[in-house]
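Reminder, nothing fancy here: chain letters follow the sequence lines and each chain counts from 1.
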Amino acid sequence: MDYDFRAIEAKWQAYWAEHHTFRAVEKEGQPKCYVLDMFPYPSGAGLHVGHPLGYIASDIYSRYKRLCGFNVLHPMGYDAFGLPAEQYAIQTGQHPEVTTTQNINRYRSQMDRIGFSYDWDREVRTCDPKYYKWTQWAFLQMYASWYDPDQQKARPIEELVRRFETSGYDGISAEQWRSFDEKRRSEVLMNYRIAYLGETSVNWCPELGTVLANDEVSGGLSVRGGFPVEQKKMRQWQLRVSAYAERLLEGLDRLDWTDSLKEMQRNWIGKSAGTEVVFDTVKGDAHYPITIFTTRVDTIFGVTFMVLAPESELVECLTSPEQKAAVDDYLAYVKKKTERERMADTRTVTGVFAGSYGINPLTGERIPIWISDYVLSGYGTGAIMAVPAHDSRDYAFARKFNLPIRPIIEGCDVSEQSFDAKEGKMCNSGFLDGMDVKDAIEAAKDYVESKGLGHRKVNYRLRDAIFSRQRYWGEPFPICYKDGMPEPLPVEALPVTLPEIGEFKPAEGGQPPLARAKDWNYNGCPMETSTMPGFAGSSAYYLRYMDPHNDNALVSKAANSYWRNVDLYIGGTEHATGHLIYSRFWNKFLYDLGYVCEDEPFRKLINQGMIQGRSSFVYRIVGTNKFVSAGLRDAYETTEIHVDVNLVHNDRLDLEGFRAWRPDFHDAEFILEDGEYICGWAVEKMSKSMFNVVNPDDICDTYGADTLRLYEMFLGPLEQSKPWDTKGIDGVHRFLKKFWRMFFDGDKLIVTDEKAYADELKALHKLIGKEREDIENFSFNTTVSAFMIALNDLGTLNCHKREILEPMVILLSPFAPHISEELWQALGHADSVTYAAFPEYVEAYTVENNCTYAVSFNGKTRFTISLPLSMSPAEVEAAVRSHESTPKYVEGMQIVKVIVVPGKIVNVVIKPL
RNA sequence: GCCCGAGUGGCGGAAUGGUAGACGCGAUGGACUCAAAAUCCAUUGUCCUUUAAAGAUGUGCGGGUUCGAGUCCCGCCUCGGGCACCA
């Protein structure tokens with residue numbers, strides 16, 4: 001029989017499902033390995049070949065780790081709450097749950113065809129009440145906790161209450177606290193809870209009718225849908241992520257993530273260490289001190305004006321009567337600008353003089369106070385001291401409004417632009433004169449603190465996460481309102497399920513859809529009508545996989561202490577500042593309260609690259625229904641038309657298929673080159689409108705899942721983005737067919753029990769070494785190459801020996817599991833290849849009684865060779881010289897040193913004569 | 001503007017500072033075949049001389065370190081990604 005991949009793949013997928021081959025069971029004493037994919041949002045379009053790239057990689061790693069004796073947890077689930085299903089529901093009236101279930105089923109069948117080794121018994125869906133019970137539970141825990149800055153961790157809110165009662169805290173004395181009524185106390189506590197209700201400026205998207213988190217907005221537009229977003233003050237649920245800023249930052253150092261991803265998170269957290277300084281102000285007789293934040297107190301002698309954010313509360317106090325009209329005009333102008341406009345023209349400098357003055361606390365100088373939207377209310381104190389000579393933004397402002405520019409670093413030229421660098425010697429700066437800038441920064445901080453003019457302060461860009469969404473298809477809050485005050489539901493009341501409503505669009509008066517739910521209350525108290533955002537359900541799903549059916553806890557202590565955290569996490573880089581921050585925050589919170597045993601959720605993280613589409617084009621001669629092949633199109637005036645890539649193979653157009661594709665091409669004529677129609681191509685995003693979507697099901701039909709898996713890996717480095725190009729898929733398919741033929745000649749199994757020759761063993765061991773090294777480095781493309789090389793080597797040797805082929809089957813099984821299972825069975829094994837032990841073949845790789853010599857030229861190791869321990873130094877030298885890895889030009893060189901290092905490593909140093 | 005990452009044949013891509021272009025695709029020639037498919041073999045960076053052997057040249061550009069650089073260092077150019085009034 002030939003390599004019948006269709007029958008083989010169907011057979012083994014059924015076998016795995018029936019035997020629960022990949023079910024993970026906690027086994028004390030066996031080392032664990034938790035390999036996780038970022039679970040998908042099941043969209044209506046189904047999977048295209050780009051989606052499984054990361055899943056294939058993690059599956060290879062999982063299967064490899066199983067072979068190496070690890071107990072592997074490799075689960076999959078669905079991030080099933082979300083906007084598209086809701087919008088579809090608004091248009092069609094179809095309940096989002098129905099659409100979501102359909103989409104999930106489609107995803108599942110597509111994934112099954114690729115042959116992943118998921119433990120489907122652990123599947124989770126974020127929209128399942130059994131699952132979101134624990135999302136709601138976590139929220140209640142956050143509501144009942146505060147962040148204790150002394151202990152640097154979350155603690156029960158009762159501890160804070162006790163502190164207020166006994167000794168007072170944070171400016172509120174015990175007496176004051178006792179004098180507060182119930183409502184006042186709960187308002188105060190709200191300022192400390194990790195999950196809290198608070199008035200804040202939010203990203204409001206009128207088109208979607210909901211607020212959005214910062215990472216859901218990009219360039220003033222919503223990430224989903226691309227609708228304009230405006231700033232609006234609203235009372236919203238929020239998570240005090242900012243309390244964890246320092247721990248989120250510092251934890252990055254211990255993670256095995258790529259530098260670029262860590263850098264993105266560092267930028268997002270945006271730590272900056274500076275100083276808060278108080279400037280007194282003069283407006284008539286009144287004094288309104290302004291606190292400003294700066295990282296460069298050393299430049300305080302160069303301050304020539306100050307700027308307030310337009311939203312600052314001080315604007316009103318500090319506007320003089322003469323300037324009132326101008327300031328009001330300016331505030332109206334700023335208010336009219338949308339967030340998008342404000343971001344778009346950062347180059348246009350606008351502002352207005354407030355009419356009052358601040359006092360430089362060091363010099364006593366009068367400093368004019370201005371108002372401008374280049375100062376943000378949300379960062380620092382919403383007020384700055386401006387040093388135009390040494391800050392480019394202040395410089396632009398000073399130029400525009402003719403304010404003085406006073407350099408305070410010797411010899412710098414500020415006639416064209418500001419001098420922002422932290423280098424040079426200070427001047428015009430009183431006691432700082434003559435100091436190096438770097439020293440002056442510290443000296444100035446010390447001075448300001450010692451004189452009581454200000455204090456050191458660390459600021460973060462990271463804001464609290466807005467946690468309410470005015471939507472239907474999300475987790476309901478376990479919160480009701482009693483006399484207008486939020487009241488948490490008891491844990492026993494969970495899950496709070498979504499009530500049925502007739503229509504999914506927002507209710508009257510801009511109310512969320514859930515406001516339509518009639519009589520939705522808890523003990524007569526109306527329920528919160530917002531729902532939680534998308535990241536709520538995805539923040540702790542990796543914990544739920546450890547113990548997915550537990551109805552008494554998110555995860556049991558036993559399951560958590562066995563699986564601990566994720567050893568390998570694979571997913572897209574687009575979650576860098578969203579999910580990957582929230583998950584870390586969520587996990588740290590649960591860690592603080594002792595619910596989980598690791599403070600970081602994802603130990604190692606790999607970002608797979610995106611697979612782009614490779615669009616194909618045909619060229620229609622203008623005014624005709626005639627199409628000209630790409631190579632000849634210069635001779636005609638043509639229009640470029642996207643053609644379905646499924647009608648194109650190796651850039652050749654299937655003419656009949658093309659005619660049948662669309663009615664208007666039915667009688668198309670072609671101008672061919674060499675009898676074929678060659679299409680043009682371009683790399684674009686994979687999307688329906690470009691007709692470049694390739695469905696993995698089609699590839700499985702034509703070539704099989706094993707070919708798809710090998711090919712996706714062979715395409716290039718995992719982390720690199722690359723276009724999907726079906727050229728070359730024949731190569732890996734051919735490899736599998738050749739592999740098959742080493743076992744079968746027609747129907748006959750031709751595997752023999754002959755003893756293997758040395759060069760056959762060498763080819764095998766080369767492959768073992770390569771595979772071990774490459775898989776640990778996630779260099780799967782070169783591993784696939786190594787298989788082809790091994791096959792070429794063995795092919796020329798015409799090898800059909802069991803001694804060689806059996807280990808080859810095991811080695812190949814992570815990549816091409818179906819064919820491996822089939823061959824494994826053909827070799828007479830009853831069990832799945834999954835249970836084969838890899839290590840014994842690894843052992844064979846290590847030759848006994850040898851020592852390893854690291855051969856170095858000029859101190860750098862070039863290669864290692866294994867030689868018998870008994871060899872004398874002279875024999876070692878001869879062996880090194882004649883070794884195949886020793887380059888030719890070692891002729892004319894000599895071994896000058898032989899350094900014997902304890903632990904059987906010998907360093908041979910070679911230098912020219 | 002700032003911070004990352006990457007530039008290697010016709011293409012995807014390999015190369016611990018040590019024979020650049022592994023492996024695959026494509027292409028060319030050949031075998032098998034009535035023919036096609038499938039399969040197999042050979043050649044395949046560029047240039048020049050040549051029957052051949054061989055030679056020159058070659059990893060975005062310009063320098064440097066080194067016996068030796070695709071790889072390390074300095075300065076540019078180009079492309080991709082992220083952040084972007086964060087004081």
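Put simply, CG on L718(A) is 17 Å from C1' on A6(B), counting in whole angstrom units. Between L710(A) atom CG and C25(B) atom P there is a gap of 13 Å when expressed in whole angstrom units. Protein atom CZ of F735(A) is 13 Å distant from nucleotide atom P of C40(B), rounded to whole Å. The distance between atom NZ of K445(A) and atom P of A87(B), rounded to the nearest whole Å, is 12 Å. Atom-to-atom, CH2 of W370(A) to P of A87(B) comes out at 24 Å; the value is rounded to the nearest Å. Rounded to whole angstrom, the span from the CZ atom of F780(A) across to the P atom of A22(B) amounts to 24 Å. In this structure, CG of N781(A) is placed 5 Å from P of A14(B), rounded to the nearest angstrom. Straight-line distance from the CD atom of Q720(A) to the C1' atom of U8(B): 13 Å, rounded to whole Å.
Using modelled atom types and a 3.5 Å distance limit, the side chains of T782(A) and S779(A) yield a donor-acceptor pair. With 3.5 Å as the limit, one finds no donor-acceptor pair spanning the side chains of Y333(A) and D373(A).
Nearer the 5' end of RNA chain B, as judged by each residue's closest nucleotide, is the contact made by W268(A), out of W268(A) and F293(A). Take the nearest nucleotide of RNA chain B for R741(A) and for K722(A): the residue whose nucleotide is more 5' is K722(A).
Using the Watson-Crick or G-U wobble rule with both distances under 3.5 Å, G1(B) pairs with C83(B). When Watson-Crick and G-U wobble pairs are counted only if both distances are under 3.5 Å, G68(B) pairs with no nucleotide at all. Pairing of G58(B), defined by two Watson-Crick or G-U wobble distances under 3.5 Å, is not identified with any nucleotide. Here G7(B) sits opposite C77(B) as a Watson-Crick or G-U wobble pair (both hydrogen-bonding atom distances under 3.5 Å). Across all strands shown, G29(B) forms a Watson-Crick or G-U wobble pair, both distances under 3.5 Å, with C41(B).
Listed for the R741(A) side chain is no donor-acceptor partner under 3.5 Å among the backbone atoms of Y3(A). Looking only at distances, a side-chain donor or acceptor of R463(A) sits under 3.5 Å from a matching main-chain atom of R461(A).
For the P atom pair drawn from A53(B) and C40(B), the interatomic distance equals 28 Å after rounding to whole Å. Rounded to whole Å, the P atom of A42(B) lies 15 Å from the corresponding atom of A22(B). Between U71(B) and A14(B), the two C1' atoms lie 13 Å apart (nearest whole Å). Comparing the P positions of C77(B) and A69(B) gives a spacing of 26 Å, expressed to the nearest Å. For the C1' atoms, the distance linking G75(B) with U19(B) amounts to 31 Å, nearest Å. With C1' as the reference atom, C79(B) and G60(B) are 11 Å apart, rounded to whole Å. The same atom, P, is picked in G55(B) and in A20(B); the two are 13 Å apart, to the nearest Å. The C1' atoms of G45(B) and A35(B) are separated by 37 Å, rounded to the nearest whole Å.
Proximity of the aromatic rings of Y711(A) and H733(A) is defined here by a centroid distance below 6.0 angstrom, and this criterion is not met. Taking the six-membered ring where the residue is Trp, the centroids of F397(A) and Y374(A) are separated by under 6.0 Å. Ring centroid separation for the pair Y330(A) and W370(A) does not come in under the 6.0 Å cut-off.
Nearest nucleotide to the M264(A) side chain, out of A87(B), G24(B), G82(B): G82(B). The side chain of R734(A) sits closest to U39(B) out of C3(B), U39(B), A87(B). Among A87(B), A22(B), G24(B), the nucleotide with an atom closest to any side-chain atom of S785(A) is A22(B). Taking only side-chain atoms of F714(A), from C-beta outward, the nucleotide of G12(B), G26(B), C3(B) with the closest atom is G12(B). When distances run from any side-chain atom of D391(A) to the nucleotides C23(B), A87(B), A14(B), the shortest one goes to A87(B). When the nucleotides A87(B), G24(B), C3(B) are ranked by their closest atom to the side chain of T294(A), A87(B) comes out on top. Among the nucleotides A87(B), G26(B), C23(B), the one closest to any side-chain atom of I384(A) is A87(B). Of the listed nucleotides (A87(B), G24(B), C85(B)), A87(B) has the atom at the smallest distance from the side chain of S272(A).
Here P723(A) lies out of heavy-atom contact (under 4.0 Å) with every strand. Nucleic acid contact class of K457(A) (heavy atoms, under 4.0 Å, all strands): none. Nucleic acid contact for N459(A): none, since no nucleic acid atom lies under 4.0 Å from a heavy atom of the residue.
Residue Y379(A) has a polar side-chain atom (N or O) positioned under 4.0 Å from OP1 or OP2 of A87(B). Phosphate contact (OP1/OP2 of A84(B), side-chain N/O of R461(A), threshold under 4.0 Å): present. Residue S260(A) places none of its side-chain N or O atoms closer than 4.0 Å to OP1 or OP2 of G81(B). For the pair R614(A) and C11(B), the criterion of a side-chain N or O lying under 4.0 Å from OP1 or OP2 is not met. Look at K737(A) and you'll find a side-chain N or O under 4.0 angstrom from OP1 or OP2 of U39(B).
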Chi angles and distances behind the side-chain contact (heavy atoms from CB on, under 4.5 Å) call for V241(A), L462(A)
CA-CA 8 Å; V241(A) 180; L462(A) 186 71; 3.8 Å; yes
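G9(B) has its base syn relative to the sugar, with a glycosidic angle deviating from 0 by at most 90°.
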